[in-house]
Amino acid sequence: MSDSDSPSVHKDFVRQIIDGDNDSGKWGGVVHTRFPPEPNGYLHIGHAKAICLNFGIAEEYGGKCNLRFDDTNPEKEEVEYVESIKADIRWLGFDWEDRLFFASDYFEQLYQWAEQLITDGNAYVCSLPLEEIRSGRGTPSEPGTDSPYRSRSVEENLDLFRRMRAGEFDEGDHVLRAKIDMGHQVMLLRDPIMYRIRKVEHHRTGDQWCIYPTYDFTHGQSDSIEGITHSICTLEFENRRPLYDWYCDTLGIHHPQQIEFNRLNLTYTMMSKRRLLLLVNEGHVDGWDDPRMPTLSGLRRRGYTPASIRSLCTKVGVTKHNAMADLVLLENEIRDELNKSADRRMAVLNPIKVTITNYPEGQTEELDAVNNPEDESAGSRKVTFGRELYIERDDFMENPPRKFFRLGIGREVRLRWAYFITCTDVVKDDDGNITEILCTYDPETKGGDAPDGRKVKATMHWVSVDTAVDATVHLYDPLFTKEDVDDVEDESLDWKSNLNPDSRKTVTGKLEQALAGSESGYRCQFERLGYFIVEQSSQPDALVFNRIVTLKDAWAKANKKK
RNA sequence: AACCCGAUAGUGUAAUCGGUAACACAACAGAUUUUGAUUCUGUUAUUCCAGGUUCAAGUCCUGGUCGGGUUACCA
């Protein structure tokens, strides 16, 4: 590769293993990985890490990465999920080319291998009820007891297993178990289940099968069939590696190396598909693609870019111990990217009216505003100034503390790209609430510079009342109030008690006219507020924006601390 | 409890033959600034514990502690 002379490109332990294999010639220099999602939910940012690892490694080593759906449990799996997963991987920027596979494509081969194990005396049909299989397995400290069916003859096992396939039995009547060791220290090796009867339609094979293989009896063999060299999975599969190895070895087939890495955890959210499904089903969010969800479709709708997510995935690293990455890491990625590329616009989200008392009634003027100070080529646009304006309510204080250097009575500030204004008075309603701010402007400061060189402490955004465009703006905050979603006060509470009731606030904002008619997917910075994207449901004449992320705000942070 | 895995600034990671513990983010301070943003500069702070081997240990050895996983006819 080209940048091999860049000083110290750290390689994680997975890549180090691959380097070692390439040096020793273990796989003849071949690197072939796979990403194996189960189509029972939407992909989340944790999956993005696995995708970046598997597809990324294939790219770096001149190898290939397959997409394989691990669809052995028809009760939970749906075509909708298959399609969303494919779309999300493509959006992230990866391509499986012609290597789209399904574990269900291998059902017949798997079945033949099961018969082989039976024939070799390595598997048997067990007719114990579920509860007895469980109790018979013993506990980690006590060995299990052999099933009474463990010694069935090969002929009887074969006959029973074929009749299971033929649909002669009901669910739960029989299972096929591997004959390993009921006293093994690893519980998983105490005669694990290989096949169970499920009279359920499968989203791809329909009613062709009424017995389905378990994950363990499927995964390694699927890797084997596809010629995978490095089967990379998350830490919770570490315990299953002995079984993965046992099936490959006992069957005498190509035996990929399973390597486990730490999954991505992020503060203020969680990655459990079961829980995410619950959030959707119980209506805590609007759907899998709700902009508050850590799903790829949610992050996409929120306004995150594929590059920002990929960048996070490389920054968090790959190790073997459980880690929880700070959400601000992700936020910084999108801030960095959009700071360089996004147009600046002015929008007032909590408006209060300002009247410039010495500005002629009925007069307006067009002023030049720079689109992006970080990118000269972005050019400029016109903004309209007039006698009546909106500013942010938070930018005015009647009795400002010492450190507050925005607008107050008698204070002078700059309106971005416009004039210096000085507050002379406020108008209040009968309850004493401020309804309007009265100011004068200095015509000499047009564009925002004072010829006499005098300084102001604050520059504020604003929008003229006459040209303001209304828009619905969704302000998002983290879905949970705790860094660790499982951090609950007492036993009676669960993670749902940490749901943030204020994770979405919706306001009507006043936008500068350049934003009129914006198309869905357009990202810009609302100056001093944050980065926003035009919502996918937005219409040119009924604008809807999502806040992607706020700008860093030292003033807000200082206040929060008090 | 048995088995498996892990432990390095607040967080995430690096230190490849045993040879000056470092990077990013966060925090704090300052400079610049027509965004209290960005940018720049600086500061604080790290090898789980106890022994051992060694001129020298984050790294090797022994014992412990703590954390996670497994104990599904889910993946």
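First the proteins, then the strands, lettered A, B, ... as listed; each starts at 1.
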**Message:** Going by side-chain hydrogen bond (donor to acceptor under 3.5 Å, both in side chains), name the residues that satisfy it together with A:Ser127, two or more places apart in sequence or in a different chain.
**Reply:** A:Arg152, A:His174
**Fill in**
Residues passing the side-chain hydrogen bond (donor to acceptor under 3.5 Å, both in side chains) test with A:Thr72, sequence neighbours excluded, are none
**Prompt:** With sequence neighbours excluded, what pairs up with A:Lys86 under the side-chain contact (heavy atoms from CB on, under 4.5 Å) test?
**Reply:** A:Leu67, A:Phe69, A:Val82, A:Glu83, A:Arg90, A:Trp96, A:Leu100
**For RNA chain B, the dot-bracket pattern of Watson-Crick and G-U pairs whose distances stay under 3.5 Å, | for other-strand partners** = (((((((..((((.....[..)))).(((((.......)))))....(((((..]....))))))))))))....
**Message:** Return whichever of A:Ile193 or A:Val186 has its heavy-atom-nearest nucleotide of RNA chain B closer to the 5' end.
**Reply:** A:Val186
**Complete:** Given the 90°-from-0 boundary between syn and anti, B:rC17 should be labelled syn
**Item:** Salt bridge flag under 4.0 Å for residues A:Asp343 and A:Arg523
**Value:** no
**Item:** Test item: side-chain donor near acceptor, A:Glu337 and A:Thr305, under 3.5 Å
**Value:** yes
Residues that [X] engages under salt bridge (charged side-chain N to carboxylate O under 4.0 Å, His left out), provided they are two or more places apart:
X        : value
A:Asp368 : A:Lys382
A:Lys510 : A:Asp470
A:Asp216 : A:Arg240
A:Asp223 : A:Arg34, A:Arg68

**Request:** Taking ring-ring contact (aromatic ring centres under 6.0 Å, His included) as the test, write out the residues that go with A:Trp417, two or more places apart.
**Result:** none
**Item:** Heavy-atom donor-acceptor pair, A:Arg344 side-chain to B:rU35 base, under 3.5 Å
**Value:** yes
**Message:** Using a distance-only criterion (donor-acceptor N/O pair, under 3.5 Å, no hydrogens), is the base of B:rG36 paired with the side chain of A:Arg406?
**Reply:** yes
**Message:** With the stacking rule set at 5.5 Å and 30°, tell me whether A:Trp555 counts as stacking on B:rG36.
**Reply:** yes
**Message:** Measure CZ/A:Phe35 against P/B:rA75 and give the value in whole Å, please.
**Reply:** 16 Å
What does the list of N/O pairs under 3.5 Å between the protein and nucleotides 65-70 of chain B look like, with a distance for each?
unit_1 : atom_1 : unit_2   : atom_2 : d
B:rG68 : O2'    : A:Asn322 : ND2    : 2.8
B:rG69 : O2'    : A:Asn239 : ND2    : 3.3
B:rG69 : N2     : A:Asn239 : OD1    : 2.9
B:rU70 : O4'    : A:Asn239 : ND2    : 3.3

**Asked** Between A:Asn372 and A:Ala342, is there a donor-acceptor pair closer than 3.5 Å when you use the side chain of the first and the backbone of the second?
**Response** yes
**Message:** What does the B/S/- profile of nucleotides 14-26 of chain B look like, 5' to 3', with a 4.0 Å heavy-atom cutoff to protein?
**Reply:** SS---------SS
Measuring only the [atom1] atom in each nucleotide, how far is [N] from [M]? A whole number of Å is fine.
N      : M      : atom1 : value
B:rG52 : B:rA72 : P     : 45 Å
B:rC4  : B:rG64 : P     : 14 Å
B:rC17 : B:rC74 : C1'   : 46 Å

Between the protein and nucleotides 30-32 of chain B, list every N/O to N/O distance that falls short of 3.5 Å.
none

